[in-house]
> 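Structure incoming, see below.
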There are 2 protein chains.
Amino acid sequence: MDKRLRHLALLRCFDAAARHQSYSDAAAELSISQAAVSQQIRNLEQHLGVTLFTRQGRGMLLTKQGKTLADTVARAFVQLSDGFDRIQIEPESGTLTVTASPSFCSRWLVPRLWKFSQQYPDIQVRALASAQYEDVRHSDIDVAIRQGEVMTSEVHQEILLHDPIFAVCSARVLEEHQLTSPEQVSNCWLVEAIGVGRTGFSWKDWFKLAKVPMQPGKMSWMEVTTWEMGINAVLSGHGIFLTSACMVQDILDSGALVKPFDIQIEPGLCFSLLYDDESPRIARIKVFAEWLRQELK
Amino acid sequence: MDKRLRHLALLRCFDAAARHQSYSDAAAELSISQAAVSQQIRNLEQHLGVTLFTRQGRGMLLTKQGKTLADTVARAFVQLSDGFDRIQIEPESGTLTVTASPSFCSRWLVPRLWKFSQQYPDIQVRALASAQYEDVRHSDIDVAIRQGEVMTSEVHQEILLHDPIFAVCSARVLEEHQLTSPEQVSNCWLVEAIGVGRTGFSWKDWFKLAKVPMQPGKMSWMEVTTWEMGINAVLSGHGIFLTSACMVQDILDSGALVKPFDIQIEPGLCFSLLYDDESPRIARIKVFAEWLRQELK
DNA sequence: TTTTATCCATAAGTTTTACTTATATTAAAA
DNA sequence: TTTTAATATAAGTAAAACTTATGGATAAAA
């Protein structure tokens, strides 16, 4: 590091003196005595080996070097002030970056963002799909929506929703397999998502809940690694899939998928909301978080 | 002034810590103890009300705000270092601004600058013609050439040359008035420069030196306020003018003007050279000053 | 011109801040 | 678990920043 920056504090004095072209006025601005200013500037001049002011009658006149330095210092100070502003509080309006799993992003978040934009046109939301939890404290990411609870203590974390799990299939499968009672399900392809978070449930749980004995040998299975894949599978007519409302509600509404039974695994999927309480963008984060809560009600 | 700049010195610590992502390494760089760094950063965080680092196992991790601030601070420091560089010593090459009276500029300085440029192609000289002395300490001007001595004590001042005064006229006037003896001069238009500095001489002095009695009533006078005007007057055939070698040497050489007598008022015009000894551009100033001395020999 | 007011400069003493040392705490590695 | 390598904290010390008091210089006022 530049050794000349060792006497940084002296520059504050110098800046004030340069702006006022007067030690007394500078002292008044800084709420210190005139003598202090005089000494500080003498020190600075000695350290730099450069005369910064010359006495001009009653006042002080900047030398050429003094002028150059004053310009630089003033600009550097403005820059620092801006920096402080930026980390202290940012306005509500601006960009907000949200991360969630690829499935949640594409199945729930992104399809609803237009509503947020309509309500808060000054906040531009960027959605970042990512398979793993992204640190919201040490990155540019402001909000994370994650399945389950994230093992971290240093940021705000709350449960956004518990979304029950139920079975969905296409209308065609419903008809072909005559899915009027849970027993019939054994004859379908059973599609199951694995490894998407610690979901903690499976077809086994469903059959138990349905009070139907499983006959492992007799059944056809398919494992998928994302909700998306499972949904695509059943959409194209392949079997029956266990998933939650937030992933498929719009498709159920459209009629492309149906929910053959009222059987629900609860509490089901748990989604957490995480953000940095001390973020400079806390204002817009809170707006977004509140919108999320309302939207999920 | 931004109150947050009160704790400027803490930023030096912060900058080092941010670069190293380690208080211990920062302490080593700054040659202070680790405890000092830890305290300084705690102070900074308190003053700003913002967490800048979080502990990450053994090391320290910048928060988002910390990162932002570190960037700003780093850039501000570079700027300050540059500022210091600029006022401390500038290289020999670069721009040099010279001021002189309009007459000296146009009659002597500018016609000779090409030689300087040839010898020192890396120094770009700008010539500033100005009727009054320009401060070389508190402006962008590096060198001043002035008639007489300037009443200032805070910059370097030396006498560049004493240039004797003599009479010049056009060849036509010489012939028409048959200027073979000083007596004949009384019949010419006497052109005299007034108010161009405290020159301290006039036609009266010349007649005295020539041992010719003046006949004020019988003579025609013309007063001019610049050397330039006088030279133009005699060049176009109007009378005889008192001036010095540096103003007309080239015209005498070309034959457009002649020097009818050997009578010289001495010491005549005195030119001083002034520059700021502590200028950051002292290197190129010294080169130019030496060239001036050689050129005037 | 003399006086007065208003600056800056300096010295001595005080207060505040920065720093050090020593030790505790924490988390990773062995 | 023990060791190691980092940060955190407390108490004391050193350094610096600041204040008060005073002197000197300059410009404006009398």
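In what follows, chains are A, B, ... by sequence order, proteins preceding strands, each numbered from 1.
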> Whole angstrom is fine here: how far is it from CG in Leu61(B) over to P in dA6(D)?
16 Å
> Please list, in numerical order, the residues of residues 16-25 of chain B that have a heavy atom closer than 4.0 Å to any atom of DNA chain D.
Ser22(B), Tyr23(B), Ser24(B)
> Please report the distance, rounded to the nearest Å, between CD in Gln46(B) and P in dA8(D).
12 Å
> Rounding to a whole Å, what distance do you find between Leu8(A):CG and dA17(D):P?
11 Å
> To the nearest Å, how far apart are Met60(A) CE and dT26(D) C1'?
13 Å
> Rounded to whole Å, how long is the line connecting atom CZ of Arg42(B) with atom P of dT7(D)?
13 Å
> Is a donor from one side chain sitting under 3.5 angstrom from an acceptor on the other, for Arg137(B) and Thr63(A)?
no
> Any side-chain donor-acceptor pair under 3.5 Å between Gln132(A) and Ser130(A)?
yes
> Has the side chain of Asp142(B) got a donor or acceptor atom that lies under 3.5 Å from a matching backbone atom of Thr97(B)?
yes
> Is there a donor-acceptor pair closer than 3.5 Å between any side-chain N or O of Asp71(A) and the backbone N or O of Thr68(A)?
no
> Would you mind building the protein contact string for nucleotides 18-30 of chain C? One character per nucleotide, 5' to 3', B for base within reach (heavy atoms under 4.0 Å), S for sugar-phosphate only, - for untouched.
SBBB----BSBS-
> Would you say the side-chain atoms of Gln157(B) pair up with the backbone N or O of Val150(B), donor to acceptor, closer than 3.5 Å?
yes
> Can you measure Glu45(A) atom CD to dA9(C) atom C1' for me and round it to whole angstrom units?
12 Å
> Given atom CG of Leu62(B) and atom P of dT7(D), what is their separation to the nearest angstrom?
13 Å
> Taking atom types as modelled, find out whether Ser272(B) and Arg146(B) have a side-chain donor-acceptor pair closer than 3.5 angstrom.
no
> For Thr51(A) and Glu278(B), does a side-chain donor sit closer than 3.5 Å to a side-chain acceptor?
yes
> Going by atom types only, do Gln147(A) and Ser101(A) share a side-chain donor-acceptor pair under 3.5 Å?
no
